[in-house]
Amino acid sequence: MPELAEVEFFRTRWDCGLGQRVLRVRLHADNRIFRKTDTAALVRTLTGAALRSSVAHGKQLLFRFSHEAWLGLRFGMTGELRSEGPKFVPGRHEHLVLGQARRSLVFADARQFGLVRFHQGATAPDWWSELSPTVDSPAFTRDRLKELLKRHARAPLKAVLLMQEGFPGIGNWMADEILWRARLSPRLRAGQLDDTDVFALWRAIRLVAAGALRIVAPSFADPPASWLFRHRWEPGGKCPRDGSLLERATVGGRTTVWCGQCQEE
DNA sequence: GGAGTTGTTTAGGA
DNA sequence: TTCCTAAACAACTC
């Protein structure tokens, strides 16, 4: 479920706990979600620590606590954050619950494709500080995009846009939306683009990222009907630009929707 | 019961 | 060696 804007939406759901101490940590230590986590250290350190701040980077979140404690979260397909009452009892999918005096901060993920990470230290962990620039940051330049396309010249555009090391935050629906805006077929090989195409793709990336953050992040609202998003899952869905029937196929290993008329092969 | 799901990692092939 | 693809992970819905 969560891409750039959805992750940002979930981040703010724990804002109500900022500045407050964690009194009790409950977790399902044996679950796959903790495969990279020292759960004993997490429980020991976060108990009594106060939540200081949070930040999103693409599909990833980092929460900073007092006691030099850092909590990293990834959502996979079905992860989410919620705030519940102080007496909340975790169900089988609520893998991590930080109990504060007035609320419980809940991380749930039914499929457990997500990830919980814990770090202790004066500075953010390496797996956070080494992330490449997100697509909405000033560092994501046209030259950087050109370089990424060159590096994966033989892969289809759709597959390249989904690579988090190059395009942090872009997921399946955003990739389709971007390619539709740029009028480029998802099946085009990345190395086939000329400078005009690269510029169109860059502009579409910026526009879709900014639009998603503006529309989706504050309240999880759907984008307007002028976006491909609203038509991509409908049977018989039509292109909001020219009204022709949308195409659907697996590209780059993922279900992909595009307009065969206005997206250049 | 089978197919599909807004994600990532890994094994194996080209 | 490097890069790309398909399968696997786990649980739910239609």
Side-chain angles (χ1 to χ4, degrees), chain A residues 1-11 28 30-37 56-61 72-81 90-96 107-117 127-128 130-132 134-135 147-181 186-192 205 208-209 211-213 215-217 219-223 227-237 246 248-258:
Chain A
M1 181 173 1
E3 303 181 20
L4 186 73
E6 292 91 339
V7 169
E8 174 59 17
F9 170 78
F10 285 131
R11 183 187 68 79
H28 306 316
D30 294 335
N31 282 4
R32 181 185 152 78
I33 202 85
F34 293 111
R35 61 197 177 277
K36 301 220 176 178
T37 316
H57 184 106
K59 296 178 188 173
Q60 307 202 44
L61 290 179
L73 296 178
R74 255 176 27 202
F75 290 138
M77 295 280 251
T78 52
E80 64 166 5
L81 295 186
R92 65 188 275 248
H93 299 318
E94 279 117 17
H95 306 293
L96 179 65
F107 169 69
D109 181 3
R111 291 175 74 179
Q112 299 187 64
F113 289 177
L115 191 65
V116 175
R117 281 190 284 199
W127 44 258
W128 183 266
E130 288 168 0
L131 294 170
S132 50
T134 53
V135 295
E147 183 57 39
L148 288 163
L149 295 171
K150 200 165 121 191
R151 195 185 311 167
H152 302 289
R154 301 199 325 249
L157 276 182
K158 174 64 182 272
V160 175
L161 286 178
L162 292 175
M163 296 175 176
Q164 296 303 293
E165 61 273 27
F167 305 86
I170 294 182
N172 204 26
W173 81 254
M174 281 183 76
D176 284 0
E177 192 76 40
I178 287 163
L179 292 168
W180 176 77
R181 295 247 169 207
R187 296 199 276 215
L188 268 177
R189 304 281 140 172
Q192 292 181 289
I205 290 169
V208 170
L213 285 169
I215 298 163
V216 181
S219 61
F220 221 94
D222 279 350
W227 286 43
L228 180 68
F229 180 97
R230 290 275 292 274
H231 312 272
R232 53 179 285 115
W233 301 119
E234 301 170 6
L246 293 169
R248 171 186 298 255
T250 298
V251 182
R254 306 293 300 279
T255 297
T256 299
V257 176
W258 74 100

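Being a predicted model, the structure only gives us computed values, none of them experimental.
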Let me know the distance between [atom1] of [X] and [atom2] of [N], rounded to the nearest Å.
| X | N | atom1 | atom2 | value |
| --- | --- | --- | --- | --- |
| Arg187(A) | dT5(C) | CZ | C1' | 16 Å |
| Glu165(A) | dT2(C) | CD | C1' | 14 Å |
| Leu162(A) | dT8(B) | CG | P | 9 Å |
| Leu149(A) | dC3(C) | CG | C1' | 15 Å |
| Arg117(A) | dT8(B) | CZ | P | 11 Å |
| Asn31(A) | dC9(C) | CG | C1' | 13 Å |
| Met163(A) | dC3(C) | CE | C1' | 8 Å |
| Arg154(A) | dC4(C) | CZ | P | 6 Å |

Item to check | Nearest-0.5 Å distance that lies between atom CZ in Phe113(A) and atom CZ in Arg74(A) | outcome: 12.0 Å
Checklist entry - What is the nucleic acid contact for Arg74(A), judged by heavy atoms within less than 4.0 Å: base, sugar-phosphate only, or nothing? => result sugar-phosphate
Checklist entry - Looking for any heavy atom pair under 4.0 Å, which part of the strands does Arg35(A) touch: base, sugar-phosphate only, or nothing? => result nothing
Checklist entry - Aromatic rings Phe107(A) and His95(A): how do their planes relate, parallel, tilted or perpendicular, breaks at 30° and 60°? => result tilted
Item to check | Aromatic ring pairing Phe10(A)/Phe220(A), orientation class (parallel under 30°, perpendicular over 60°, tilted between) | outcome: tilted
Next on the checklist: Walk me through whether Leu228(A) and Leu246(A) qualify under side chain to side chain contact (heavy atoms under 4.5 Å, CB included).
Outcome noted: CA-CA 10 Å; Leu228(A) 180 68; Leu246(A) 293 169; 3.8 Å; yes
So, is [X] near the phosphate of [N], with a side-chain N or O under 4.0 Å from OP1 or OP2?
| X | N | answer |
| --- | --- | --- |
| His152(A) | dT2(C) | no |
| Thr255(A) | dG4(B) | no |
| Arg92(A) | dC12(C) | yes |
| Lys59(A) | dT8(B) | yes |

Please determine, for the side chain of [X], which listed nucleotide ([options]) has the closest atom?
| X | options | answer |
| --- | --- | --- |
| Gln112(A) | dA11(C), dT8(B), dT5(C) | dA11(C) |
| Arg189(A) | dT8(B), dT5(C), dC9(C) | dT5(C) |
| Trp233(A) | dC4(C), dT5(B), dT8(B) | dT5(B) |
| Met77(A) | dT5(B), dT9(B), dC12(C) | dT5(B) |

Checklist entry - Phe113(A) stacking on dC9(C): centroids under 5.5 Å, ring planes under 30°? => result yes
Next on the checklist: Evaluate Trp180(A) against Trp227(A) for side chain to side chain contact (heavy atoms under 4.5 Å, CB included), listing each step before the verdict.
Outcome noted: CA-CA 9 Å; Trp180(A) 176 77; Trp227(A) 286 43; 5.6 Å; no
Checklist outcome for this item: When Leu115(A) and Asn172(A) are each assigned the nearest nucleotide of DNA chain B, the 5'-most assignment goes to Asn172(A)
